[in-house]
K.L.:
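Handing you a structure now.
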Amino acid sequence: MCGIIALYGREPVNQMLYDGLLVLQHRGQDAAGIVTCDDKKLNLRKDNGLVRDVFHTRHMEKLAGNMGIGHLRYPTAGSSSSAEAQPFYVNSPFGISLAHNGNLNNAADLERELFNIDRRHINTTSDSEVLLNIFARELYRTKTKTPGADDIFSAVEGVHNRCEGAYAAVGLVVGYGVFAFRDPHGIRPLVFGSRKTAHGREYLIASESVALDALGFDLERDVAPGEAIYIDMNGQLHTRQCAKQSKLKPCIFEHVYFARPDSVIDNIFVHKARMRMGVKLAEKLEREWSDHDIDVVIPVPSTSRSSALEMANHLGILYREGFIKNRYIGRTFIMPGQQQRKKSVRQKLNPIELEFKGKNVLLVDDSIVRGTTSRNIVQMARECGAKKVYFASAAPAIRYPNVYGIDMPTCQELIAHGRTDEEICSAIGADKLIYQSLEDLIDAVQRGNKEITDFETSVFTGKYVTNISDQYLDELESRRNDTNKHQERQQSLGIDLHNSA
């Protein structure tokens, strides 16, 4: 999962891009990058690290220009090197820079095509570089000398015809304008907004609406699945549906975990969706465990707070904050290695003993992935003197890998894969485990936008909205396992794997 942003402004956009990335930092803490366009020149700064660490005054001063794009990356297989940081750039045709959130499922085939047919070399293992080169090739095929909206839209149509998977992308063509597009299923989120200034209208495109809020832009709407947006150098907005067939099937996990609660995605208020998840979970608990002995509901901060509070209110049980969160620790399930995850859980959360001692506690979390965090949290509650520790998940059991841009671990690393709910409960050390049903999760989210009739729910069902072969899943599992990730990270740091003790 990544964060992307694009700006067309009437004044320098470097500070706005920086501020926008800051509010999207939850979408990726591994690397950050900004590229701006100043007349006919691109200015780029990107590196591994948080936004505040990557950009200093000396870098910001060099990011001149009135339009630009930014990107945030979280760690995935093959992405530990700073060379994988985005945005990417190609000089032909015209000079194009692009940043991408998602995952191309046919990236390997496309890379071979680009070399064998177009003689384009891909220098990284990132599918985002593949996406950029496909777009560049399709724009070149228009044979235009001065690209306009029709040429950009023709190139995006070519991208849709060749690329499979999930992709929300922003980019710019040097000296011509800013563009953005979303895959025909709209799996990854993308919104745009505008504001009127003394010098004319400005436009902002981002992964989440919170970026628009923070920068004072009015939300226009979501970018539709298969749609492309282009803002030319005169500030004219152009939009077009570029996919022959499109149907919105957004990733439901955005509402479970990734998105900020103050975001609006596909016209659904994330906070309200999570509140409804809490009510649904409470109703299920009442049906299946009417004689419960829960004394207090405690959320696992911070994504689960909206669900936990509504759950407590519906059950008429005391709600208490029982953990203090260190906000300077990254999100644990996307940490690059199991040992680092175990360590970071204890660094991230510290329990308030008096909220646990002598009580039967219901811990509420947004989901359970590997189970590392859940196991540690249950243990912390017991160490604080809890009599019984129950656990509730606002999402169903995650049993399958994600192939659309979330670096969910391999099947064997998912605690729910091949286990019953009772076995999972025992594995995390809880006295009882309550999972949300998939039907209730869908209803909780869909109620915010009845026009969405289908969601991408493959992590729960193993059913993917695009064609995914068993061979692809096997290759993905090989790349994603913790051993390979650890080796890649060591290689990126220049460590000799054969000679290191």
Side-chain angles (χ1 to χ4, degrees), residues 1-6 20-21 24-28 30 69-76 79 86-88 98-107 126-132 134-135 156 159-160 163-171 179-192 204-212 219 221-229 241-243 246-260 263-268 270 273 331 334 401-408 445 449 452 454-459 464-466 468 476:
M1 186 62 59
C2 299
I4 56 177
I5 188 170
L21 290 179
L24 295 174
Q25 185 75 82
H26 61 285
R27 299 189 68 87
D30 201 49
I69 61 175
H71 184 267
L72 295 163
R73 186 192 72 194
Y74 78 103
T76 59
S79 72
Q86 299 183 41
F88 287 117
L98 178 141
H100 161 230
N101 174 28
N103 183 55
L104 300 185
N105 305 139
N106 63 336
S126 173
D127 60 338
S128 301
E129 189 185 7
V130 173
L131 181 64
L132 167 59
I134 292 293
F135 176 84
V156 173
V159 168
H160 291 329
C163 295
E164 298 175 4
Y167 47 92
V170 293
F179 64 88
F181 55 88
R182 195 178 182 192
D183 73 75
H185 295 291
I187 297 172
R188 301 267 67 88
L190 195 64
V191 300
F192 79 96
L204 173 62
I205 307 160
S207 295
E208 295 184 34
S209 62
V210 288
L212 279 67
L219 174 64
R221 59 178 175 84
D222 296 271
V223 178
E227 184 182 25
I229 290 177
Q241 176 54 251
C242 297
S246 64
K247 182 181 179 181
L248 183 59
K249 298 179 181 179
C251 175
I252 205 165
F253 211 72
E254 288 280 353
H255 295 279
V256 171
Y257 175 77
F258 271 107
R260 275 181 39 158
S263 281
V264 181
I265 295 178
D266 293 313
N267 207 30
I268 298 170
V270 176
R331 306 182 91 164
I334 54 178
N402 184 279
V403 300
Y404 298 121
I406 303 176
D407 194 33
M408 290 285 190
V445 178
N449 185 352
I452 301 177
D454 200 2
F455 288 91
E456 202 294 298
T457 60
S458 57
V459 295
Y464 301 96
V465 300
T466 61
I468 301 295
L476 196 66

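Reckoned from all heavy atoms, side chains included, excluding hydrogens, waters and symmetry mates.
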K.L.:
Under the side-chain hydrogen bond (donor to acceptor under 3.5 Å, both in side chains) test, which residues partner His255, sequence neighbours left out?
P.N.:
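His255 satisfies side-chain hydrogen bond (donor to acceptor under 3.5 Å, both in side chains) with no residue once adjacent residues are dropped.
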K.L.:
Which heavy-atom pair separates Gly405 from Asn103 by the least distance, and what is that distance?
P.N.:
N-CB, 3.5 Å
K.L.:
For the atom pair CG (Asp127) and CG (Leu104), what is the distance rounded to the nearest 0.5 Å?
P.N.:
4.5 Å
K.L.:
Indicate yes or no: at least one non-hydrogen side-chain atom of Leu131 is less than 4.5 angstrom from one of Cys163.
P.N.:
yes
K.L.:
Just one of His100, Glu129, His71 clears the side-chain contact (heavy atoms from CB on, under 4.5 Å) bar with Phe88, so which one?
P.N.:
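Exactly one pass, corresponding to Glu129.
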K.L.:
Which pair of non-hydrogen atoms, one from Gly70 and one from Leu21, has the smallest distance, and what is that distance?
P.N.:
C-CD2, 4.0 Å
K.L.:
So does Arg182 pair up with Asp266, basic N to acidic O under 4.0 Å?
P.N.:
yes
K.L.:
Any ion pair linking Arg260 and Glu254 (charged N to carboxylate O, less than 4.0 Å)?
P.N.:
no
K.L.:
Supply the atom-to-atom distance Ile406 CD1 to Cys251 SG, rounded to the nearest 0.5 angstrom.
P.N.:
4.0 Å
K.L.:
With a 4.5 Å limit on heavy-atom distance, are the side chains of Phe181 and Glu227 in contact?
P.N.:
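Side chain of Phe181 against side chain of Glu227, heavy atoms only: no contact under 4.5 Å found.
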K.L.:
How would you list, by chain and number, every residue that makes a ring pair (Phe, Tyr, Trp, His ring centres under 6.0 Å) with Phe135, sequence neighbours excluded?
P.N.:
Phe179
K.L.:
Out of curiosity, Leu190 CG to Arg221 CZ, how far, rounded to the nearest 0.5 Å?
P.N.:
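Between atom CG of Leu190 and atom CZ of Arg221 there are 10.5 Å.
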K.L.:
Does Asn402 reach the side chain of Phe253, with side-chain heavy atoms less than 4.5 Å apart?
P.N.:
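In short, these two side chains do not touch, never coming nearer than 4.5 Å.
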K.L.:
So, do Ile205 and Val191 sit near enough that their side-chain heavy atoms are less than 4.5 Å apart?
P.N.:
no
K.L.:
When you compare the side chains of Tyr167 and His160, does any donor N or O come within less than 3.5 Å of an acceptor on the partner?
P.N.:
yes
K.L.:
Answer whether the closest heavy-atom distance between the side chains of Ser207 and Ile5 falls below 4.5 Å.
P.N.:
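A side-chain contact under 4.5 Å is absent here.
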K.L.:
Checking Glu456 now: which residues fulfil salt bridge (charged side-chain N to carboxylate O under 4.0 Å, His left out) with it, not counting sequence neighbours?
P.N.:
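Once residues adjacent in sequence are excluded, Glu456 has no partner under the salt bridge (charged side-chain N to carboxylate O under 4.0 Å, His left out) criterion.
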K.L.:
Under 3.5 Å, is there a donor-acceptor pair between the Ser128 and Gln86 side chains?
P.N.:
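Looking only at side-chain atoms, Gln86 and Ser128 do form a donor-acceptor pair, the distance falling under 3.5 Å.
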K.L.:
How about Pro250 and Ile187: do any of their side-chain heavy atoms sit closer than 4.5 Å?
P.N.:
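A side-chain contact is absent here, since even the closest heavy-atom pair is not under 4.5 Å.
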K.L.:
Could you check whether Tyr404 and Ser458, counting side-chain N and O atoms only, form a donor-acceptor pair closer than 3.5 Å?
P.N.:
no
K.L.:
For the residue pair Pro225 and Pro184, establish whether any side-chain heavy-atom pair is separated by less than 4.5 Å.
P.N.:
no
K.L.:
Contact between Cys2 and Leu72 at the side-chain level, heavy atoms closer than 4.5 Å - yes or no?
P.N.:
no
K.L.:
Between the main-chain N or O of Gly226 and the side-chain N or O of Ser246, is there a donor-acceptor pair closer than 3.5 Å?
P.N.:
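No, the answer is negative, given that no donor and acceptor are paired below the 3.5 Å cut-off.
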